[in-house]
Amino acid sequence: MSRKREILELLTADELRGLVNRFELEVSDRRAKDGMVDALSRAHRVKLDEPLAELPRARLKELCRGLELDDSGKEKAPIVARLLGTEPSPAADDDEDEGDDTPAPQPDAAKPAKAKRGAAKKGGDLGFEATLWQAADKLRNNMDAAEYKHVVLGLIFLKYISDAFEELHARLVAQADAGADPEDRDEYRGENVFWVPKAARWTAIQASAKQPTIGQLIDDAMVAIERDNPTLKGALPKNYGRTGLDKQRLGELVDLIGTIGLGTKEQQSKDVLGRVYEYFLSEFALAEGKKGGQFYTPRSVVRVLVEMLAPYKGRVYDPCCGSGGMFVQSEKFVEEHGGRIGAISVYGQESNETTWKLARMNLAIRGIEANLGAEHADTFHRDQHPDLKADYILANPPFNDSDWGQDRLADDVRWKFGTPPAGNANFAWVQHFIHHLAPTGFAGFVLANGSMSSNQSGEGDIRKAIVEADLVDCMIALPGQLFYSTQIPVCLWFLTRDKKARGFRDRRNSLLFIDARKLGTMIDRTQRELGDDDIAKIAGCYHAWRGDKDAAAYADVAGFCKSATLEEVRGHQHVLTPGRYVGAEEVEDDGEPFEVRFPKLVAKLEGQFAEGRKLEALIRSQANRIGER
């Protein structure tokens, strides 16, 4: 059977009818799939590359699984090529795999190599994350992504700390003659390695993977690890033994995760675990859709905040920290710019209990010491860090939260610029950030676009007071479709208490506006991502305007950035939408006289009118056919 026919047989009746209409085929009965498949497969003019490219990524992955193909990847083009059998042959990319000895899972020997090649083209990814995700996702069966997330990530965490423990344990055994004691817990604390009791080590867990008691064994392991490592108390999932969790699939998942090394020194140097964990977090956020935004902020958005603020050292605070992505990227920034890991102190808070645990695991596996509060708690009503004054605040609070308990906080000390409305918490968050900002601190955070212009329920007055206090340093309009949780465009606010501190130029009574709505690349039909060049352009513009050391000279760019005075902002009634200030992008004159260009434009317009009439006639024809049935 040809690949074309195999794909057609997996399509729904509606999808087949769409293709029949698209290629204007005569089919006697459009209710019968077999007849449509026969007609489409026989017609030489029917090519599936463009129709497949128009399908959502999730649907393409379903087709891959139906054909028993690797369904990994975030970009649609390689998935379409895989479906059509036009993907580049393995031999063409053999050179890219040389020197990469990272162990990979082997549920299908052909798949890891394929994943590695795709990853290499995207900038040197370790390569097996997508394959591991694909295999783990197949084991999910019908379990909800929000529930399965904790099953998988808890096991990955357990595998990591066990690998790290076993490596150090083996080294201490080898050094026993020199006085090392492999059973002395202080030896492990001194190396920043968690102590793992015998029954909780991965070898013991995997040896029992096929047993019906595997769930209870994992729960017991988690309890033992928390007992012997106080910093993890209350952080680990302990519900693997529940009745609703398929123990056979759980055992298969244990075997799958057991195929990959995570915690040895070599693997830590490659950040194997961090890459897998971040990849899984993003995929779970995508799978959960709107709910995914509660625990995960897209990495490219976090990187913009971090690159803008450049948190080299000091106290970093996120009062709605989700799974801790802001802290992870801040530590990476310090490391990549030659700073000392540990130079930043991490403070956070999260109201959702399972997400709070997720954050603690996410930071623990990276060796990031963090104070996330004694418990999960609502930031407005049970502030876990009431006396904190942070050098950097990075946050992505819930958009337009209408149920935040304003009635219990009417006279709160944080509302120095006005009481936020009961129906929207945006300016409650803004004032919470300001309240916790150190005298020379910076804050960068994500908000819905309405925060820049809304005048409802006193929001305009609060925004005006904040602007007049000269706290707003920079405003950025981002493109739409960056978030899993919403398709609406959002903005970034950057505040500072002192616009002349830290060696930067004196920026008092001025604001920078950046319109980044045209930046980014669509990685599939619904998702946009900011690339390295986009992030560098945005951060570089801000650093030049702020007067950072070694930054380029700043200049306004029509359509992109504008340095505005406070007086100009007053002229716009304190509306902070960048589009009002940056103006229109300059269009280069091609030198063609108007009298020559105008007839061409008219001819183009007439062609578009004709195409419109043709499409209208086709739609009417199809509608009549349907009506005749």
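Starting from 1, each residue takes its place in the sequence as its number.
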Backbone N/O of Tyr392 and side chain of Arg315: donor-acceptor pair under 3.5 Å: no
Nearest-0.5 Å distance that lies between atom CE in Met222 and atom CG in Leu232: 10.0 Å
Minimum heavy-atom distance between Cys321 and Ala359, given as atom pair plus value: SG-CB, 4.4 Å
Lys/Arg cation over aromatic Trp195: Arg227, 6.0 Å, 45° cone: no
Flag, side chain of His435 to backbone of Val413, donor-acceptor distance under 3.5 Å: no
Donor-acceptor contact present, side-chain Asp412 to main-chain Trp415, <3.5 Å: no
Verdict with supporting geometry, Glu529 and Ser300, side-chain hydrogen bond (donor to acceptor under 3.5 Å, both in side chains): CA-CA 6 Å; Glu529 187 174 80; Ser300 66; 5.6 Å; no
Derivation of the side-chain contact (heavy atoms from CB on, under 4.5 Å) call for Val430 and Ile466: CA-CA 9 Å; Val430 174; Ile466 292 170; 3.7 Å; yes
Point-to-point distance, once rounded to the nearest 0.5 Å, from CG of Asn424 to CZ of Phe399: 11.5 Å
Salt bridge Arg463-Glu459, side-chain N to carboxylate O under 4.0 Å: no
Any side-chain heavy-atom pair of Arg382 and Glu375 under 4.5 Å: yes
Check: Asp383 side chain, Thr379 main-chain N or O, donor-acceptor pair, under 3.5 Å: no
Residues Asp473, Tyr542; criterion side-chain contact (heavy atoms from CB on, under 4.5 Å); working and verdict: CA-CA 9 Å; Asp473 207 30; Tyr542 175 60; 2.5 Å; yes
Lys537 to Phe560 six-membered ring, cation-pi geometry met (6.0 Å, 45°): yes
His436-Tyr347 aromatic ring centre distance below 6.0 Å: no
Check: Glu468/His574 side-chain N/O donor and acceptor closer than 3.5 Å: yes
NZ or CZ of Arg507 within 45° of Tyr554 ring axis and under 6.0 Å: no
Ring centroid separation Phe380 to Trp429 under 6.0 Å: yes
salt_bridge(Asp532, Arg303) N-O dist < 4.0 Å: yes
Check against side-chain contact (heavy atoms from CB on, under 4.5 Å), Gln406 and Leu409: CA-CA 5 Å; Gln406 183 250 31; Leu409 296 168; 5.8 Å; no
Over 12 foreign heavy atoms within 6.0 Å of CG, Asp407: yes
Heavy-atom neighbours of Asp186 CG exceed 12 at 6.0 Å: yes
Worked verdict on Ile225 versus Phe194 for side-chain contact (heavy atoms from CB on, under 4.5 Å): CA-CA 8 Å; Ile225 289 168; Phe194 291 109; 5.6 Å; no
Thr565 backbone acceptor or donor facing Ser510 side chain under 3.5 Å: no
Gln431 (side chain) donor-acceptor with Lys416 (main chain) under 3.5 angstrom: yes
More than 12 heavy atoms from other groups under 6.0 Å of CZ on Arg517: no
Any donor-acceptor N/O pair, Arg508 side chain to Asp470 backbone, under 3.5 Å: no
Test item: Gln349 and Cys320 side chains (from C-beta on) under 4.5 Å apart, heavy atoms: no
Ring center gap for Phe433 and Phe445 short of 6.0 angstrom: yes
Short side-chain to backbone donor-acceptor contact, Gln573 and Gly571, under 3.5 Å: yes
CG on Leu305 to OG on Ser330, rounded to 0.5 Å: 9.0 Å
Side-chain touch Ile514/Pro578, heavy atoms, less than 4.5 angstrom: no
Leu492 vs Cys474 side-chain heavy atoms within contact, under 4.5 Å: no
Closest non-hydrogen atom pair between Asn449 and Cys491, with its separation: OD1-N, 3.3 Å
Shortest non-hydrogen contact from Lys357 toward Gly234: CE-O, 3.0 Å
Trp493 vs Ile476 side-chain heavy atoms within contact, under 4.5 Å: no
Close side-chain approach of Ile156 and Ile257, heavy atoms under 4.5 Å: yes
Reported CG-to-OG distance for the pair Leu576 and Ser453, which is rounded to 0.5 angstrom: 9.0 Å
Considering all heavy atoms, the nearest Ile393-Pro319 contact: CG2-CD, 4.4 Å
Exceeds 12 heavy-atom contacts within 6.0 angstrom, atom NZ of Lys389: yes
Side chain Glu226, main chain Thr231, donor-acceptor under 3.5 Å: no
Residue pair Arg580 / Val575: nearest heavy atoms and the distance that separates them: NE-CG1, 3.7 Å
Near-ring test Phe165/Tyr188, centroid separation under 6.0 angstrom: yes
Side-chain heavy atoms of Glu568 within contact of Lys562, under 4.5 Å: yes
Euclidean distance, Cys561 SG relative to Asp515 CG, rounded to 0.5 Å: 10.0 Å
Test item: Met326 and Val316 side chains (from C-beta on) under 4.5 Å apart, heavy atoms: no
Crowding at NZ, Lys238 (>12 non-hydrogen neighbours, <6.0 Å): yes
Side-chain donor/acceptor of Lys549 to backbone N/O of Gly503, under 3.5 Å: no
Salt-bridge present (Lys500, Asp498; N to O < 4.0 Å): yes
Residue pair Ala558 / Ala584: nearest heavy atoms and the distance that separates them: CB-O, 3.3 Å
Nearest-0.5 Å distance, OH of residue Tyr317 to CG of residue Asn371: 10.5 Å
